Structures are given as structure tokens and as C-alpha cells.
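Because the structure is predicted, anything quoted here is derived from the model rather than measured. Counting begins at 1 with the first residue of the sequence. For ligands, and for the atoms within them, numbers begin at 1 and follow the listed sequence.
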Amino acid sequence: MAKERDDADAAVRMICAAHGDDEGPLIPILHDIQASIGYVSDTAIDTVADELNLSRAEVFGVVTFYHDFHRAPHATHTLKVCRAEACQAVGGRDVWAAATEAAANGSGEVGVEAVYCLGNCACAPSVQLDGRTLGRMDAERVSALVAADSGAPS
Ligand code: FES
């Protein structure tokens, strides 16, 4: 356990060092930590504060302000479902309901999150699976997507 913690701490310190010459490196560092470890832990916040000579509260405030940063281990796959106007106007509510239901019935491998516009309004309703934007979604397609990534037959 202690070794895992040390490894994670070393990884965070390496990420900080890689951004050593950047101007305003906090957000890029937090993105890299999340990409590498999956979330931004309390320990990572302490380490980043130490490396950047910031207070813990400053780093914590940034992490909790932005919804994209997770504070705890997250599902393997992330499905973002747009809940903004253009998507709501063409069936986004049904897509959200189907996605959350499929995720609740799945293996927990897919985490469903609400987002408020993916810039794909012309092809609404839109979702984003692990960064890949998909338009013209409907309840059936989104359920199949979640089931496929949950390892369940779709
Ligand atoms: S409102 Fe859903 S992608 Fe813009």
C-alpha cells in the first residue's frame, strides 16, 4: 500500500517536473494526473501544492471548480450525455434516461455524466464516449453503447 502511494507520488512529481517551464501549469498538470492515474486524489493535491509552491486550498479549489476532474477512482469508460437545449429539443431526455438506466444495469464499467453542450448541436442529441463524440443518438443506440462497454451483450 505504502509502495503504491510512493509510486503515485513519484508519478505526480514527474508530471509536475514535465511542466516546470510552463506558464500557469496547474490545469495541464491536473489533466495529466487524471489521464495517468484516473483521478486527482487528496495526496496528489498535496504534492502538486508542494511542487508549485501553492497552498493546498488553492489547488483543491481548482480541482473542485472544474467538473472534469474526478476526486475518486472512476469507471473505466466515461459516457458524457449532453443535457443542453439543442439536444433536449430532439430527444436528449430519452437518451439521458436510457444511458443512466443501462449504466445502472451494467457492470459499472461505464460512468455516465451530464455535460452542457459538446459543440455538436447540429447532430443532436449528442454524447461523447471516452472523448469520441457521437451524434444523432437515440435511446436504443445509447443503451447498446453502454452495454457494449460494460461487457454485456447488446
Ligand atoms: S446542445 Fe447538445 S451538443 Fe450542443
Side-chain angles (χ1 to χ4, degrees), residues 8 11-12 14-16 18-45 47-49 51-52 54-154:
V12 170
M14 270 173 65
I15 288 169
C16 291
H19 288 278
D21 295 331
D22 293 4
E23 227 173 89
L26 179 55
I27 300 273
I29 285 172
L30 294 174
H31 275 296
D32 285 359
I33 290 170
Q34 182 152 295
S36 130
I37 299 166
Y39 66 108
V40 185
S41 66
D42 285 345
T43 322
I45 288 176
T47 306
V48 171
E51 287 283 331
L52 297 188
L54 295 170
S55 72
R56 187 180 190 281
E58 282 171 294
V59 180
F60 182 83
V62 171
V63 172
T64 51
F65 179 81
Y66 291 105
H67 291 182
D68 265 352
F69 295 128
H70 303 305
R71 296 274 295 113
H74 202 247
T76 315
H77 301 284
T78 301
L79 180 74
K80 296 183 176 183
V81 178
C82 180
R83 307 218 64 203
E85 285 81 353
C87 288
Q88 296 300 294
V90 289
R93 272 190 197 90
D94 294 343
V95 172
W96 169 258
T100 49
E101 191 186 326
N105 294 332
S107 60
E109 292 290 292
V110 182
V112 176
E113 292 177 3
V115 284
Y116 295 89
C117 197
L118 289 163
N120 196 41
C121 315
C123 296
S126 300
V127 302
Q128 202 175 63
L129 181 63
D130 294 334
R132 187 167 54 109
T133 304
L134 302 159
R136 308 241 186 273
M137 201 44 62
D138 59 30
E140 215 167 275
R141 278 185 69 208
V142 86
S143 303
L145 262 185
V146 173
D149 278 305
S150 292
S154 54

- [ ] At a cut-off of 2.8 Å, list the protein N/O/S atoms near atom 4 (Fe) of ligand 1, residue plus atom name.
- [x] C117 SG, C121 SG

TODO: Could you grab the distance from atom CD of E51 to atom CE of M14, nearest 0.5 Å is fine?
DONE: 12.0 Å

Task: Donor-acceptor contact present, side-chain S126 to main-chain N120, <3.5 Å - done: yes

Open item on the list: If I take atom CD from residue Q128 and atom OG1 from residue T78, how far apart are they, to the nearest 0.5 angstrom?
Closed with: 9.5 Å

Open item on the list: Taking P125's backbone N and O only, do any of them form a donor-acceptor pair with R136's side chain (distance below 3.5 Å, no angle check)?
Closed with: no

Task: Inter-residue atom distance Q88.CD - C82.SG, 0.5 Å rounding - done: 7.0 Å

- [ ] Would you give the length of the straight line joining atom CD1 of I27 to atom CZ of F69, rounded to the nearest 0.5 angstrom?
- [x] 5.0 Å

